[in-house]
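Convention: sequence-line order gives letters A, B, ...; per-chain numbering from 1.
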Amino acid sequence: MILHSWNVNGLRAVAGKGFFEWLSASDSDVAGLQETKIQPGHEADFGEVQGYRPSFVSCTVKKGYSGVGAYYRREPLAVNAELPDPRFRGEGRLLHLEYPEFHFLTVYFPNGQRGQDRLDYKMGYYEAFLAHAQELRRTKPIVVCGDFNTAHTELDLKNPKSNEKTSGFLPEERAWLDRFTAHGYVDCFRLFEQGGGHYTWWDYRFQARSRNVGWRIDYFYVSDELRPRVKRAWIESQVTGSDHCPVGLELDLG
DNA sequence: CGTAATACG
């Protein structure tokens with residue numbers, strides 16, 4: 001089973017820059033998307049295509065903001081939107097597809113760079129998400145992918161020193177990823193690659209991408225019950241169209 | 001610099 005995650009930074013924009021060609025060639029069973037920026041009611045513009053069915057969670061509080069979704073060719077048992085905690089509903093940040101073998105969660109975690117209020121919201125979202133994942137995990141294993149908006153270690157961004165006070169590499173944000181992994185969620189990419197220089201996001205400014213001045217902030221984590229099933233995890237850094245690139249996971253479900 | 005609406009990342 002092949003899974004993908006991609007922060008597309010506007011589905012309308014990437015649709016004109018090869019998104020559906022990428023999906024068709026991806027061999028993906030489920031592709032989770034973040035920052036779709038589709039408004040409520042406009043989901044029909046991005047319907048079934050090439051054997052894939054879509055599901056979207058739009059932001060209901062800001063036009064053209066946030067939003068997550070998925071294209072899948074394997075039908076889920078159930079579909080849910082957003083976290084149960086009412087403080088963290090409405091921005092279109094979580095899509096949950098339930099499959100027989102696991103819960104598939106795709107998430108766009110808040111960006112904390114706009115100010116203290118948004119950093120507080122991000123940290124609160126992290127805690128509420130962990131509680132929700134732990135609750136779901138009581139029934140079956142978890143696969144979670146998406147834009148976590150935090151680089152975990154010094155290996156996960158080009159310039160760790162100069163970003164120690166930047167949201168996305170703050171000690172408290174990194175400490176939450178420590179806590180998350182301590183609960184038994186495995187960073188799948190790191191099962192296969194321990195070196196630095198592997199990134200999933202590059203600033204549009206300063207020719208950051210051509211210079212590979214990037215951050216690894218898009219991840220696949222699995223709860224450790226699934227760790228023996230992880231066959232492959234990778235970063236598709238050659239795929240353009242967004243300031244993020246896709247990441248992939250292959251599971252051997254036997 | 002870029003998306004999509006004039007804010008946000």
Side-chain angles (χ1 to χ4, degrees), chain A residues 5-23 31-46 54 56-69 82 88-94 106-126 129 145-152 156-160 162-170 172-174 176-177 199-219 236-247:
Chain A
S5 177
W6 193 5
N7 180 324
V8 293
N9 189 26
L11 186 54
R12 268 185 280 177
V14 291
K17 294 191 285 190
F19 172 78
F20 290 103
E21 292 80 358
W22 169 82
L23 180 65
L33 309 176
Q34 305 86 40
E35 285 202 90
T36 49
K37 301 187 178 182
I38 298 172
Q39 289 181 38
H42 293 187
E43 293 89 348
D45 297 344
F46 300 94
F56 294 110
V57 184
S58 289
C59 180
T60 56
V61 295
K62 285 193 189 88
K63 278 185 184 176
Y65 178 72
S66 184
V68 291
E82 304 279 38
F88 301 108
R89 298 176 67 84
E91 292 193 355
R93 295 190 177 276
L94 171 64
T106 192
V107 193
Y108 175 45
F109 286 97
N111 185 301
Q113 293 185 342
R114 185 64 41 171
Q116 188 62 45
D117 285 357
R118 292 306 291 175
L119 180 58
D120 292 344
Y121 188 81
K122 179 180 184 179
M123 297 310 301
Y125 199 99
Y126 274 152
F129 174 79
C145 65
D147 178 358
F148 282 64
N149 258 316
T150 298
H152 194 175
D156 295 318
L157 73 169
K158 183 75 162 193
N159 295 315
S162 60
N163 284 298
E164 280 173 346
K165 295 182 178 177
T166 306
S167 176
F169 197 57
L170 294 175
E172 67 198 277
E173 297 169 321
R174 299 173 59 195
W176 181 80
L177 283 174
Y199 309 128
T200 66
W201 175 80
W202 304 263
D203 199 311
Y204 275 127
R205 297 165 290 180
F206 322 121
Q207 300 176 21
R209 192 158 184 171
S210 63
R211 296 161 52 222
N212 198 28
V213 179
W215 301 52
R216 193 172 72 93
I217 57 177
D218 301 270
Y219 304 89
E236 300 187 1
S237 56
Q238 77 286 2
V239 176
T240 57
S242 165
D243 50 350
H244 297 248
C245 73
V247 297

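- When the P atom of B:dA7 is taken as reference, atom CZ of A:R118 falls 15 Å away, rounded to whole Å.
- Contact record, A:S237 with A:W202: CB-CH2, 4.0 Å, taken as the closest heavy-atom pair.
- A distance-only check finds a donor-acceptor pair linking the side chain of A:R93 to the backbone of A:Y108 [under 3.5 Å].
- Rounding to whole angstrom units, CG of residue A:N149 and C1' of B:dG9 are separated by 8 Å.
- Protein atom CZ of A:F109 is 17 Å distant from nucleotide atom C1' of B:dG9, rounded to whole Å.
- Here the P atom of nucleotide B:dC8 and the NE2 atom of A:H244 are 17 Å apart, to the nearest Å.
- OP1 and OP2 of B:dA4 both lie 4.0 Å or more from every side-chain N or O belonging to A:Q39.
- Not a single donor-acceptor pair under 3.5 Å links the side chain of A:S5 to the backbone N or O of A:C145.
- Residues A:K17 and A:N111 both approach DNA chain B. Their nearest nucleotides, taken by heavy-atom distance, put A:K17 toward the 5′ side.
- Distance A:I38 CD1 to B:dT3 P: 16 Å, rounded to the nearest Å.
- Comparing the P positions of B:dT6 and B:dC1 gives an interatomic distance of 22 Å, to the nearest angstrom.
- The phosphate of B:dG9 has OP1 or OP2 within less than 4.0 Å of a side-chain N or O from A:Y65.
- The aromatic rings of A:W201 and A:H244 sit tilted, their planes meeting at an angle between 30° and 60°.
- Comparing A:P110 and A:R12 along DNA chain B, the residue whose closest nucleotide (by nearest heavy atom) sits nearer the 5' end is A:R12.
- A:K37 comes within 4.0 angstrom of a nucleotide base, judged by non-hydrogen atoms across all strands.
- In this structure, A:W202 places its CH2 atom 16 Å from C1' of B:dG9, rounding to the nearest Å.
- Nucleotide B:dA7 holds its P atom 11 Å from the NZ atom of A:K62, rounded to whole Å.
- There is no side-chain donor-acceptor pair under 3.5 Å between A:Q113 and A:T166.
- Spacing between atom CH2 of A:W201 and atom C1' of B:dG9 amounts to 8 Å, rounded to whole angstrom units.
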